[in-house]
Amino acid sequence: MLKPIFSLLIFLTPIFFWTATPNFFNTPKQLLLSGFIILALITIAIHSFRTKSITFSSSPLRFGLYGFALAIILNLGLNASGRLESMLGPGSVYLFLALLSYIITAYADHSYRPAFIVALLGSTAVLALHTTLQLTFLYQLDSLPLFMQARGFTLTGSLQTTLALLILGGLTSLYLTLKHPKFKLWSMISTALHTVAIVALSISLLPGGELALQILPFNASWNIALDAMKNLKSLFFGVGLTQFSNFYKSVKPLFLNSDSFWNILPTGSSSTLLDLLTTTGLVGLLGFLSLPLVSLRTNHHQDSLHSVIQAVAAISFIILSLTQSSLPLLLIFFASLALLNTPANTPTPLSKSSAAIFSTSLVATAFYLFYLGSLFVRAEINLRQAQIALANQDGKKVYEYHLAAIKLLPQMTNYRLSYSQVNLSLASSLSQKKTELSQAERQNITQLISQAVREAKLATSLTPNNSAVWQNLGLVYRNLINVGEGADKFAIDSYAQAVALDPGNPSLRVEFGGMLYQLAGSSKKPEDQARLYGRAQSEFQTAIQLKPNYPNAYYNLAKLLESQGDYQNAVLSLQKSISLLGPDSLDLGKANSELIELQAKLKKPSPTPSGALVSQTSDNNPSLVEPSPLPSPLAGGPVELP
């Protein structure tokens, strides 16, 4: 019973996706793995009850699996920030992969090896065929769903993962062609299919190409790992399985602001090994490295496919060392290691009562995992339905689906973030009514505002080291200025905390500076106005220091200087902004018109400073955005904030 389930898991995981959840790719693949573990536990429970026995693995791999699983459990226990996300995400994935490997070493035999090879090559062949067709004409078919009408669409959800799997499948097919003549015709066809797909995709992924990858540079990944190792706790146990992005923002190498990676937030390191070092520490990394060290040296029960499995394990380990972690590659890696360690295990006899207790325990565990998984799936489906309702402009359903998701998993930070924005949006929509607000409408607005603030603050308590939750809280308060008492002070404090956690983010500095600029313009006290203008100018100048080729920072600084009557420096800043805009920028005409108006305010327009109009490397089609105006006061006076 285990073998067909195992084969189906290997075949489906790389190519399976599902549109019922917000993430069409990672979540469904994770659910497949979870489903296999649940079915495997039930199957083993039934087998043990019938045979009155239990089978333990005698493979040396088991010690590495124990160590790696223990490292993940310690990581979950010692890192409170984002714990639920870690448990439902990479934590459960790593633990389930370790359990899968243990089950294979305990219950699999040599017949699993050909089943594994067939499933692997069958899956990558489907991926190769789809990749070739997608790059040529599939993306042009109007009959396909909109998200599939892009050349970059791939079944794995990541072009880098797709290329890695195609290389793995192609090399495996080539190895079979050279080493196993009886598979020669079939493996030659498979090799050709994989080769065509690899060449086509590689050309598209070349730097400057249409589908060029944005990959965190290895030197940046290494620097981030070194920063994590400066703390004794994170040296041994990492910063947390889902905390790479948050830690990245706090220690981001500033040289990344000079290229196109400046406004991209990576979810993981450029290498699985460096990612493990950062998120799980030395304990997790050494536990992971112990697995191939044991498995690739084993000589247990070799058969004709032993060397093929060994090659798959070695190639997948090399790919994982050079690329970002992904579930399909990790699954193949753990499964191939386990298949290299399938000694003849002798079942241990159990008494009737012991067999019943053991089987019942496994079934209970399986049902508990199913219950937890169902909570996650139902919550994700509700969140997806909220996205659909938002696209259909159905505010009532957006609110209801978000609330349903939060009731299922109240500790999920991103649910709280999204729900706070929903409440704020609904409150804003109601407050824009042109006629006098009724008492009931005012109460509804007050309740929605209270919920927006409450949810945003709850998000900060769940992951206090995440600058995004503080930025969201600052945005909520910013939208309540002139609506709720004290919102301006709360907004400033929240944005300041976001900047402290993400000091190298120039766009966040401009956003914060823009709010300070607007507050200064609306302030009635000269001393407060001067203080706020000074802070705003400091934020804009810091953004320029972080990213000297950031046109929007110069543009906002020019606006601030103009408002203070410093026309000379305002002209210089605006000229610098224009020089950084590409010739195809939609904002170029607008900026030039504003420059002419600004120069007219000078008694003697200053000549263009030397080098100011020389084009520099900047982002593709950068846009110029003025600070957004503050909200209008609410009819009937401000509401009281919680």
Side-chain angles (χ1 to χ4, degrees), residues 5 8-9 12-13 15-42 76 81-97 99-100 145 147 157 241-242 267 327 331 362-423 425-426 448 451-452 454-456 458-459 461-463 466 468-469 472:
I5 302 173
L8 199 60
L9 175 68
L12 285 179
T13 299
I15 61 177
F16 180 64
F17 67 95
W18 188 29
T19 61
T21 59
N23 189 317
F24 294 176
F25 304 97
N26 292 342
T27 303
K29 297 178 194 304
Q30 186 178 336
L31 293 177
L32 276 180
L33 176 61
S34 305
F36 170 83
I37 294 298
I38 292 170
L39 290 176
L41 292 177
I42 294 174
L76 292 172
S81 185
R83 181 174 291 153
L84 184 61
E85 285 90 342
S86 297
M87 290 176 61
L88 295 175
S92 62
V93 167
Y94 283 129
L95 290 175
F96 285 167
L97 288 172
L99 182 56
L100 175 142
F147 71 94
L241 286 165
T242 57
T267 56
L327 177 52
L331 172 64
L362 286 185
V363 171
T365 302
F367 274 95
Y368 180 67
L369 292 176
F370 178 80
Y371 168 73
L372 292 179
S374 68
L375 290 179
F376 179 55
V377 172
R378 287 159 57 198
E380 289 288 289
I381 289 175
N382 276 306
L383 209 61
R384 174 59 181 157
Q385 290 301 312
Q387 291 178 343
I388 296 173
L390 181 62
N392 295 330
Q393 298 182 341
D394 190 340
K396 184 173 182 291
K397 286 188 176 180
V398 172
Y399 180 88
E400 292 172 349
Y401 282 125
H402 271 92
L403 184 59
I406 284 178
K407 286 182 177 179
L408 289 166
L409 292 175
Q411 300 299 310
M412 292 288 279
T413 303
N414 64 317
Y415 291 3
R416 297 288 184 179
L417 280 176
S418 185
Y419 190 46
S420 71
Q421 290 296 317
V422 168
N423 280 278
S425 178
L426 291 174
L448 289 168
Q451 289 177 174
R454 181 196 67 205
E455 295 300 320
L458 277 171
S461 66
L462 290 172
T463 52
N466 184 355
V469 298
N472 176 73

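Positions are given from 1 along the sequence.
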Just do the side chain to side chain contact (heavy atoms under 4.5 Å, CB included) check on F376 and T21 with the steps written out, would you? CA-CA 10 Å; F376 179 55; T21 59; over 6 Å; no

Looking at [atom1] of [X] and [atom2] of [Y], how far apart are the two atoms once the value is rounded to the nearest 0.5 Å?
| X | Y | atom1 | atom2 | value |
| --- | --- | --- | --- | --- |
| R416 | L458 | CZ | CG | 5.0 Å |
| L390 | Q421 | CG | CD | 11.0 Å |
| F96 | L331 | CZ | CG | 13.0 Å |
| Y401 | I388 | OH | CD1 | 8.5 Å |
| L8 | T13 | CG | OG1 | 8.5 Å |
| L241 | L88 | CG | CG | 12.0 Å |

For [X] and [Y], work out which heavy atoms get closest and say how close.
| X | Y | value |
| --- | --- | --- |
| V469 | T463 | CG2-O, 3.5 Å |
| S420 | A456 | CB-N, 3.7 Å |
| L417 | A468 | CD2-O, 4.4 Å |
| L462 | P410 | CD1-O, 4.3 Å |
| Y399 | V422 | CA-CG1, 4.0 Å |
| L369 | L41 | CD1-CD1, 4.0 Å |

Any residue meeting salt bridge (Lys or Arg N to Asp or Glu O under 4.0 Å) with E380, in chain and number order, not counting sequence neighbours: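 Not a single residue meets the salt bridge (Lys or Arg N to Asp or Glu O under 4.0 Å) criterion with E380.
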
Return yes if a side-chain donor-acceptor contact under 3.5 Å exists between R384 and Q387, otherwise no.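 Yes, a side-chain donor-acceptor pair sits under 3.5 Å.
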
What I want to check is whether the side chains of N466 and T413 have a donor and an acceptor closer together than 3.5 Å. no

May I ask you to check whether over 12 heavy atoms, not counting those of Y371, lie within 6.0 Å of atom OH?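 No, OH of Y371 has 12 or fewer neighbouring heavy atoms, counting only those of other groups under 6.0 Å.
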
Under 6.0 Å from the CZ atom of F370, do we count more than 12 heavy atoms belonging to anything else shown?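 No, because the 6.0 Å sphere around CZ of F370 holds 12 heavy atoms or fewer from other groups.
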
As a quick check of understanding, evaluate side chain to side chain contact (heavy atoms under 4.5 Å, CB included) for S374 and V377, giving each step before the final call. CA-CA 5 Å; S374 68; V377 172; 5.6 Å; no

Determine the sole option in E400, H402, K396 for which the side-chain contact (heavy atoms from CB on, under 4.5 Å) test with V398 is passed.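 Looking at E400, H402, K396, the match for V398 under the side-chain contact (heavy atoms from CB on, under 4.5 Å) is H402.
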
For the ring pair F16 and F25, is the centre-to-centre distance below 6.0 Å? no

Could you go through M87 and L372, starting from their C-alpha distance and side-chain angles, then the distance that decides it, and tell me whether this counts as side chain to side chain contact (heavy atoms under 4.5 Å, CB included)? CA-CA 10 Å; M87 290 176 61; L372 292 179; over 6 Å; no

Donor-acceptor pair, side chain of S418 and main chain of N414, under 3.5 angstrom: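 Here the side-chain-to-backbone pair does not exist.
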
N/O donor-acceptor pair under 3.5 Å between Q411 side chain and R83 backbone: no

Considering only heavy atoms from C-beta outward, does the side chain of Y415 approach that of L408 to under 4.5 Å?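 No, their side chains stay 4.5 Å or more apart.
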
So do the side chains of W18 and I381 get within less than 4.5 Å of each other, counting heavy atoms only? yes

When you look at V93 and L327, which way does the side chain to side chain contact (heavy atoms under 4.5 Å, CB included) test go after all the steps? CA-CA 8 Å; V93 167; L327 177 52; 3.7 Å; yes

